[in-house]
Amino acid sequence: MIAIGGDHAGYPLKEEIRAYLDANNIEYTDVGCYSPERFDYAISAQKACDKVVSGECDKAILICGTGVGISMAANKVKGIRACCCTDYFSAKYTRLHNDANVLCMGARVIGAGSALELVDVFLNTEFEGGRHQTRIDQITAIENGEKLY
């Protein structure tokens, strides 16, 4: 199950992604917003990320105007590794090497066609593990207030 959310700027792209998920029989839960009326991205970021951390959802997709603000909000939730992506390579390698569990995108930065490619590669790329697990463990340590140095 995927959580999907965004703000008013991301609403049209979120609807395109929902249609893609529907067409591909990918289960999701929509945490808002539900119209192009003003809505703050931090609310939907927290809702979606809480679903990932609780295990209700495996991953989340978040959309705002640039993808930056919503990724900043998402990364404040303990256990979240969110990445703002605008290209295929970054979306693929954030899964392979960083085990990212949240994809953030900017509706004012990329078009629907590119966004759907990013969603596809993000959802279908597995974490490589191995040497990369050490870095994930370090990120978790920082998140827990530990010093790495």
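Linking Ile, Leu, Val, Met, Phe, Trp and Tyr whenever their side-chain heavy atoms come within less than 4.5 Å leaves V119 and V52 in two separate clusters. Residues V121 and F127 fall into different hydrophobic clusters, defined by Ile, Leu, Val, Met, Phe, Trp and Tyr side chains chained together at heavy-atom separations under 4.5 Å. Connection of I43 to M72 is not established within any shared hydrophobic cluster, with ILVMFWY side chains joined at heavy-atom distances below 4.5 Å, either directly or through further cluster members. Hydrophobic clustering, with ILVMFWY side chains joined whenever heavy atoms are under 4.5 angstrom apart, keeps L96 apart from L103.
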Begin with the C-alpha distance, continue with both residues' side-chain angles, and end with the deciding distance and a verdict on side-chain contact (heavy atoms from CB on, under 4.5 Å) for Y93 and T125. CA-CA 8 Å; Y93 279 85; T125 301; over 6 Å; no
Please determine whether side-chain contact (heavy atoms from CB on, under 4.5 Å) holds for the pair R18 and I4, giving the CA-CA distance in whole Å, both sets of side-chain angles, and the decisive distance to 0.1 Å. CA-CA 8 Å; R18 282 177 28 137; I4 186 168; 4.2 Å; yes
After noting the C-alpha distance and the side-chain angles of C83 and N98, does the key distance pass the side-chain contact (heavy atoms from CB on, under 4.5 Å) rule? CA-CA 9 Å; C83 185; N98 307 123; 6.0 Å; no
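In this structure, the side chains of I110 and L118 come closer than 4.5 Å at one or more pairs of heavy atoms. Taking the side chain as every heavy atom from C-beta outward, L21 and L123 approach each other to under 4.5 Å.
Side-chain N or O atoms of S54 include one that pairs as donor or acceptor with a backbone N or O of K51 at under 3.5 Å. Within the 3.5 Å criterion, the main-chain N or O of V102 finds no donor-acceptor partner in the side chain of R81. At distances below 3.5 Å, at least one donor-acceptor pair connects side-chain atoms of D87 with backbone N or O atoms of S90. At least one donor-acceptor pair under 3.5 Å links the side chain of E143 to the backbone N or O of G79. The main-chain N or O of E146 is never found under 3.5 Å from a side-chain atom of N144 such that the two would form a donor-acceptor pair.
The list of side-chain hydrogen bond (donor to acceptor under 3.5 Å, both in side chains) pairs with a residue in residues 57-76, not counting sequence neighbours, is empty.
The local environment of CD in E27 is sparse, with at most 12 non-hydrogen atoms from other residues, nucleotides or ligands closer than 6.0 Å.
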Cut-off 3.5 Å, no hydrogens considered: what does the side-chain donor-acceptor table look like for residues 9-17, sequence neighbours left out?
unit_1	atom_1	unit_2	atom_2	d
K14	NZ	D30	OD1	2.9
K14	NZ	D30	OD2	2.6
K14	NZ	C33	O	2.9

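Side-chain N/O atoms of Q133 and D137 include a donor and acceptor closer than 3.5 Å.
The line from CD1 of I70 to CD of Q46 is 12.0 Å long, rounded to the nearest 0.5 Å. Atom CD1 in I139 sits 12.5 Å away from atom CD1 in I80 (nearest 0.5 Å). To the nearest 0.5 Å, atoms SG (C64) and CG (D7) are separated by 5.5 Å. Annotation: the span from I136 atom CD1 to H97 atom NE2 amounts to 10.5 Å, rounded to 0.5 Å. How far CZ of F122 is from SG of C104: 8.5 Å, rounded to the nearest 0.5 Å. Atom-to-atom distance recorded for I61:CD1 and M105:CE is 6.0 Å, nearest 0.5 angstrom.
Between L62 and A74, the shortest heavy-atom contact is CD1-CB, 3.9 Å. Annotation for V31 and S44: closest pair CG2-O, 3.6 Å, computed over non-hydrogen atoms. Contact record, C57 with I2: SG-C, 3.9 Å, taken as the closest heavy-atom pair. Here the closest heavy-atom approach between residue A82 and residue N101 is recorded as N-OD1, 4.4 Å.
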